[in-house]
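The analysis underlying the following values was restricted to heavy atoms, covering all of them including side chains, and did not include hydrogens, waters or symmetry mates. Both ligands and their constituent atoms are indexed starting at 1 by order of listing.
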Amino acid sequence: MTRAWQRLQGRSLLRDTDLDPEEYLSLLELAEELRDEKRQRVERQRLTGRSIALIFEKTSTRTRSAFEVAAYDQGAHVTYMGPGETQLGHKETIRDTARVLSRMYDGIEFRGFAHADVEELSAGASVPVWNGLTDQWHPTQLLADIMTIGDHARKPLSDVTLCYIGDARNNTANSLLVVASMLGLDVRVVAPEGLLPSESVQATARDLADASGARVLVTSDIDAGVAHADFLYTDVWVSMGEPMEKWGERITQLLTYQVNSELLTRTGNPDVRVLHCLPALHNADTELGAQLATTYGVSALEVTDDVFESDASLVFEQAENRLHTIKALMVASLTGE
Ligand code: CP
Ligand code: NVA
């Protein structure tokens with residue numbers, strides 16, 4: 001029996017909508033199978049002898065680790081090229097880099113700034129390219145998020161209410177809105193004016209919702225947005241690549257949109273669960289957290305420490321699922337079997 005994820009062989013994942021809903025859900029099924037194999041210590045290696053290039057123009061903990069461990073688990077090798085460590089952009093065009101790496105590697109992961117860069121890399125490459133985050137999209141993140149939601153929802157995805165709250169025009173929010181719209185969820189995106197998704201991302205979501213039956217609400221009204229949410233999702237208020245000076249303005253705009261215990265109560269759902277792609281600024285125990293605490297007098301940003309550490313929080317399951325979903329993506333793109 002052929003399965004929808006097998007259609008991914010030789011294909012790239014640059015944005016979430018490169019997969020159709022059937023392929024998306026099928027890939028998540030493969031991820032579950034791979035997770036089971038690993039947990040039972042019976043993992044079959046499908047990528048023996050393959051080589052994967054990992055290019056990171058921004059820093060990473062989860063995405064890098066997930067690609068590396070997934071590759072090792074499956075018998076493949078990786079080369080990590082961190083920020084500033086390649087000729088890319090300085091002495092060599094993206095297209096030339098793509099052609100060189102395609103002669104040596106079977107697949108290329110790329111984390112960068114402008115989304116056009118990963119598209120250019122993919123256009124020049126003759127092997128699959130996986131977007132490990134750009135300023136506009138974070139497709140490998142959403143695979144793990146939907147897997148985590150599926151693990152906990154106890155109902156079909158079409159009955160799930162997923163609410164993203166915070167800086168809603170960043171990569172994670174864009175990917176969340178289009179994926180949830182494509183898969184037929186009740187999706188709400190809540191942010192103040194100026195931090196809502198672009199018109200074009202909203203239009204894509206509406207088109208996808210027309211086809212899937214998803215309900216889409218984009219609003220600045222917190223109570224309308226969070227009402228009856230099964231899952232509340234937030235992300236950092238200033239993303240990688242944005243200037244530090246943004247923090248003051250964002251804190252003013254977003255403090256009322258913080259995920260805290262009062263916001264959980266406002267959902268009206270005592271079982272609401274909390275999601276975050278991480279890293280999260282939930283206390284002042286990091287260099288940046290301490291700096292923001294001193295400058296702006298805030299001890300937590302997008303999510304409070306008590307909520308982050310509570311039983312409602314699924315953030316570390318999400319992080320683990322990055323491994324299983326990225327592994328499924330590489331297996332599907334590289335083998336189709
Ligand atoms: N969630 C995520 O992409 O984390 P990293 O930046 O650590 O890869
Ligand atoms: N929006 C965040 C996601 C980090 C995984 C950023 O781009 O910094």
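A donor-acceptor pair under 3.5 Å is absent between the side-chain atoms of E302 and the main chain of H282, judged by distance alone. With hydrogens and angles ignored, the 3.5 Å screen pairs no side-chain donor or acceptor of S12 with any backbone N or O of L14.
Checking S198 against R169 by side-chain atom types alone, no donor-acceptor pair falls below 3.5 Å.
Two residues are said to be in side-chain contact when any heavy atoms from C-beta on lie closer than 4.5 Å; Q141 and Q318 meet this criterion. Contact annotation: the side chain of L27 approaches that of L329 to within less than 4.5 Å [non-hydrogen atoms, C-beta and beyond]. Two residues are said to be in side-chain contact when any heavy atoms from C-beta on lie closer than 4.5 Å; L142 and Y24 meet this criterion.
Heavy atoms of L278 come nearer than 4.0 angstrom to ligand 1 in at least one pair. The shell of residues lying under 4.0 angstrom from ligand 1, judged by heavy atoms, excludes K58.
With ligand atoms numbered from 1 in the order given, ligand 1 contributes 5 (P), 7 (O), 8 (O) to contacts under 4.0 Å with heavy atoms of T61. Which parts of ligand 1 touch R322 is read off a 4.0 Å heavy-atom cut-off, strictly below it: atoms 1 (N), 2 (C), 3 (O). With ligand atoms numbered from 1 in the order given, ligand 1 contributes 1 (N) to contacts under 4.0 Å with heavy atoms of C277. Against a heavy-atom cut-off of under 4.0 Å, N170 is close to the following atoms of ligand 2: 1 (N). In the vicinity of S239, heavy-atom distances shorter than 4.0 Å reach the ligand 2 atoms 1 (N), 2 (C), 6 (C), 7 (O), 8 (O).
On a distance-only criterion, M240 and ligand 2 share at least one N/O pair closer than 3.5 Å. Among the atoms of N171, some N or O lies under 3.5 angstrom from an N or O of ligand 2. Looking at ligand 2, you won't find any N or O of H138 less than 3.5 Å from one of its N or O atoms.
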Starting from the C-alpha separation in whole Å, work towards a yes-or-no answer on salt bridge (Lys or Arg N to Asp or Glu O under 4.0 Å) for D36 and K38.
CA-CA 5 Å; D36 288 346; K38 184 174 170 82; over 6 Å; no
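Protein heavy atom in closest approach to atom 3 (C) of ligand 2: D235 OD2, 3.6 Å. With hydrogens left out, the protein atom closest to atom 5 (C) of ligand 2 is L278 O, 3.7 Å, a heavy atom. Counting only heavy atoms of the protein, atom 4 (O) of ligand 1 lies nearest to R62 NE, 2.8 Å. Regarding atom 6 (O) of ligand 1, its nearest protein heavy-atom neighbour is R111 NH1, 2.9 Å.
For atom 3 (O) of ligand 1, the choice among Q318, H138, H276 with the nearest heavy atom turns out to be H138.
Remark: R64 is positioned above the aromatic ring of Y80, its terminal NZ or CZ atom under 6.0 angstrom from the ring centre and at most 45 degrees off the axis.
In this structure, R39 places its CZ atom where more than 12 heavy-atom neighbours from other residues, nucleotides or ligands lie under 6.0 Å away. No more than 12 heavy atoms of other residues, nucleotides or ligands sit less than 6.0 Å from atom CE of M104.
Here V236 has side-chain heavy atoms under 4.0 Å from ligand 2, and that is the only part of it that gets that close.
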